[in-house]
Amino acid sequence: MVSGNIFHCRKNSWPPQEYISKSTLQLFDYDSSAPPEQAWRRRLNSHANLLKEFRVTFMEAIKMVRLGIRIWSYVREEASHGRKAPIDPFTRESCKPSASQGVPLGGMGSGSISRGFRGEFRQWQIIPSLCEASPVMANQFSIFISREGGNKNFASVLAPGQHEGLGSSRKPDDQGISSWGWNLSGQHSTYHALFPRAWTVYDGEPDPELKISCRQISPFVPHNYRESSLPAAVFVYTNSIGGSSHLSGDHVNEPFKAEDGVSGVLLYHKTAKGNPPVTFAIAACETQNVNVSVLPSFGLSEGSSTTAKGMWSKMVKDGQFDQENFNSGPSMPSSPGETLCAAVAASMWVEPHGKCTVAFSLAWSSPKVKFVKGSTFNRRYTKFYGTSEKAAADLAHDALTHYNRWEEEIEKWQNPILKDETLPEWYKFTLFNELYFLVAGGTIWIDSPLLSSNMRNDQDRVRELENTVVKETEDKMSDRKRTVVERIMDSTCDSAVITGHDPADEKLSGDDDADVGRFLYLEGVEYIMWCTYDVHFYASFALLELFPKIELNIQRDFARAVLCEDGRKVKFLAEGNWGIRKVYGAVPHDLGTHDPWHEMNAYNIHDTSKWKDLNPKFVLQVYRDFATTGDLEFGVDVWPAVRAAMEYMEQFDRDGDGLIENDGFPDQTYDTWTVHGVSTYCGCLWLAALQAAAAMALDLGDREFAEKCKRKFLKAKPAFEEKLWNGTYFNYDSGSSGNSKSIQADQLAGQWYTASSGLPPLFEDSKIKSALRKVYDFNVMKVKGGRMGAVNGMHPNGKVDETCMQSREVWTGVTYGLAATMILAGMEEEAFATAEGIFLAGWSEDGYGYWFQTPEAWTMDGHYRSLMYMRPLAIWGMQYAINRPKAILEAPKINIMDRIHLSPVIGGYSHNETGVRKIATKARCFNNSVFHCAC
């Protein structure tokens, strides 16, 4: 797959005419059947090479041996309780990852199924945090062609016959799927992806005289909070479909007929380990020219009443199933180990030179989300379809009757970007395709506007509260919040936005936003932690742009978490020391794994209450969202948490210069890369957070805190520049280690957010551009000629910083964030050249094969770490920079700091200055205490 010329060539366009004959394109030039002018494309006979995972070096292994032993012990301990550890580097999937992914199916948060570019259904993620990567080869589209007179008949599965998921042995007497006609070579068939749609065009195969187009559509519609939650997809096709199967037994299939000519089969599936059941529906739409028939059940073994071979023979002979099958009722339950399948056929006549369209739908309904430690919720779509196991039939019906409107809304959203001739072609389709993660990234969307303790299992709740000391921390903030609300009401002419709002409401949730439910997405399918916040910092631009209400609710969840404390003891694996799970005032690393919202900080490598980037990132995201949306109620809701987060950080300014200092361990998102003293990454984030907090305080009428932040900023900024600016860029840190002068690609992350929020730049324009130019010349262009993205660390002598595993990696999301920073600084050419390296190495045909599974990182030789990762959604930070919201573009031209007038200070800052510090210090004295919020 990877050829030597990846670093020596550049392709600027991928027109469909290079993949499909002109006559075929003209034939499909109606009803969106033809693939778009701009899309990611592959031939179906392309080889799906196995992907290569990174390895630590010998020296890295020596340094991490104790950590490895502790992680191994922790993984075993969690397994003994029937749980999967959030980070498990030792267990490998039986299905090795390959370059075979394609656009996933379904909306967000209701479980997902991916479909490879060659047609296989794979990467099943119906159960939270569980991903079944192996393809189920019995699930296929097939076509049966007969002509009058019986000449030139064809029957074939519409997937390449030489597929690794099929197995190598095909026995002549086999009654299973190897008896089917796997006659497609894929040489003249092509796949075209533009998320959330994909096209597969069969240009004269298996029948040389027939052209077939399949259009795959999923309901991912920005700002549509109903249909974007639906677990359904549509295939506008001319063929038949096979059903899904598992082996645990007691599965039942049942045919159904619905309104509007929709009919199909329901497949009721039991799941293992007490997980909620799943119902699948496969259906087609009958019209004047299309006849739909079903085979409710068939098996893959010789003992089945109807075998896979028998099903195939029936279709070859008759081209349809018997209509009386609709009256067969539910099938007999399957036995353990037995595979129970179903088929839906759509038959039609196509006249010479004629066209005919048939639509199939696939839907699945798993209404309950059950987490390992007991909490159960209803998924978002149940608000509209209920929790009945037969909801899958309604979903399949509505998908078939509504998909045209989905497509209209999708095209309305995408066309302005696709038609923008100033943007590179690779960028436009990669921008949309990276959104795959919001469907396939293990997302959970629940119908629960408010998370209260009564949602939990009562028995579990009683056990948890035994020997627990509950401390009310919200009361400390309620007076401040009330003051802020009163000031806003006094200073604005229109107070309707906060009418009826209870300033002491501990749930921190506005009525308008509660209706969209609660949303979770994984850090990655290999790092199973929900809404990992230091990574969401990069990825959140996608949600803010497309589903802002979800983004605001995620911030509300973290605001609530800041004001919570959980005193249960946790062992931190890096050093083997103990601490408490969640400290008041500290932003959690994540919302948990096995009991999200209630048991946060599943990450236990380091004590993240001592990390230096999480709290500034919270303040920066909150202010960006507040400034972009103009949602005053949101600002009021989260303000107490913003103050607490800022005050918490004061304990890390140990020399009184206004700057926070790092503590000589990897206390930031780069969690293997040690930092000493002041760091360019965390220090820049802190400066930006001071400015953002001051601006937000001013907007909300908290002038006292605005003044406090301004004083700190005016003190910290010159100290930062004095300690880190070397005349060309900002040093990695202020220590004296061998990498203290390294060039960090992410050194201006704080400036990225400052510019994205309409705030004044942190530094002189010349310094910002100088630092970015240095990163571009060294971290980008000195790595394979700029064809791989930006390496995290580079020594001033032009050699990659190999201090640790992460310093020598290219992080895909960080590269996109760097490119966004360049755009905001007026360096568009360098920005797109930088980001193109990610496309060339990860998405291009000559790259490493990471399409629709973009990893967190790769090494200089292209070996990946952590596939299907959240951070690459940062490409939407580039689009945000290109097309900044009106509220940001129209931000006041007067420097926000100049609008904050400092009052004379007598005896230091206000009496509230050290309140959070004292609470955080005192928290260390509690043993098994659990401090709860009304979450």
Side-chain angles (χ1 to χ4, degrees), residues 44 119-120 136-163 166-167 169-186 188-189 200 202 204-212 214 235 237-243 245 253 255 263-265 282-284 286 289-326 328 339-352 354 356 358 360:
L44 264 60
E120 71 277 14
V136 180
M137 296 307 294
N139 298 337
Q140 295 293 341
F141 289 102
S142 302
I143 189 164
F144 303 85
I145 304 164
S146 62
R147 290 176 171 81
E148 290 183 315
N151 297 322
K152 296 183 180 181
N153 293 343
F154 294 91
S156 180
V157 177
L158 290 178
Q162 303 302 318
H163 194 290
L166 189 61
S169 59
R170 298 188 191 179
K171 299 178 182 178
D173 59 345
D174 189 3
Q175 301 297 306
I177 62 173
S178 65
S179 64
W180 295 353
W182 298 87
N183 303 315
L184 195 79
S185 71
H188 301 292
S189 300
T200 306
Y202 306 89
E205 61 173 338
D207 185 335
E209 298 178 15
L210 189 65
K211 316 295 184 180
I212 307 167
C214 168
F235 304 87
Y237 224 147
T238 51
N239 63 347
S240 62
I241 183 172
S245 60
N253 293 355
S263 55
V265 180
I282 51 176
E286 192 164 278
N289 299 320
V290 177
N291 177 63
V292 177
S293 58
V294 301
L295 182 61
S297 66
F298 66 91
L300 302 184
S301 59
E302 190 171 349
S304 305
S305 58
T306 302
T307 64
K309 184 175 183 178
M311 181 280 294
W312 190 267
S313 299
K314 171 72 173 175
M315 285 299 299
V316 169
K317 178 183 177 183
D318 298 334
Q320 62 183 358
F321 301 115
D322 298 331
Q323 285 297 313
E324 53 263 30
N325 288 345
F326 281 110
S328 62
T339 301
L340 189 63
C341 304
V344 174
S347 307
M348 78 249 14
W349 282 101
V350 182
E351 299 293 337
C356 189
V358 62
F360 290 86

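Under the side chain to side chain contact (heavy atoms under 4.5 Å, CB included) criterion, T307 pairs with Q175, S304, K309, not counting sequence neighbours. Looking at residues two or more places apart in sequence or on another chain, you find a side chain to side chain contact (heavy atoms under 4.5 Å, CB included) between D318 and K314. The side chain to side chain contact (heavy atoms under 4.5 Å, CB included) check on E205 picks up L184, S185, H188, S189, with sequence neighbours excluded.
Scanning all heavy atoms of the two residues, the minimum distance from W180 to A138 falls at CH2-O, 3.7 Å. Between I177 and A308 the shortest heavy-atom distance is N-CB, 4.1 Å. Nearest heavy-atom pair across P206 and I143 is CG-CG2, 3.9 Å. The heavy-atom pair separating E286 from V292 by the smallest distance is OE1-N, 2.8 Å. Considering every non-hydrogen atom in both V358 and A346, the closest pair reads CG2-CB, 3.5 Å. When every heavy atom of S293 is checked against every heavy atom of F326, the shortest pair comes out as CA-CE1, 4.2 Å.
Rounding to the nearest 0.5 Å gives a distance of 12.5 Å between CH2 of W349 and CG of N291. Rounding to the nearest 0.5 angstrom, the gap separating the OG atom in S179 from the CE atom in M311 is 8.0 Å. In this structure, the separation between OG1 on T200 and CG on L158 is 9.0 Å, given to the nearest 0.5 Å. Rounding to the nearest 0.5 angstrom, the gap separating the CD atom in Q140 from the OG atom in S156 is 9.5 Å.
V265 pairs with exactly one of L295, N325, I282 by the side-chain contact (heavy atoms from CB on, under 4.5 Å) rule, that one being I282. For the ring pair (Phe, Tyr, Trp, His ring centres under 6.0 Å) with F144, the qualifying choice from F321, F154, W312 is W312, the only one to do so. For the side-chain contact (heavy atoms from CB on, under 4.5 Å) with Y202, the qualifying choice from L210, L44, D207 is L44, the only one to do so.
Of the possible polar contacts, one joining the S347 side chain to the G319 backbone as a donor-acceptor pair under 3.5 Å is found.
Note: F141 and F360 have perpendicular aromatic rings, judged against thresholds of 30 and 60 degrees for the angle between ring planes.
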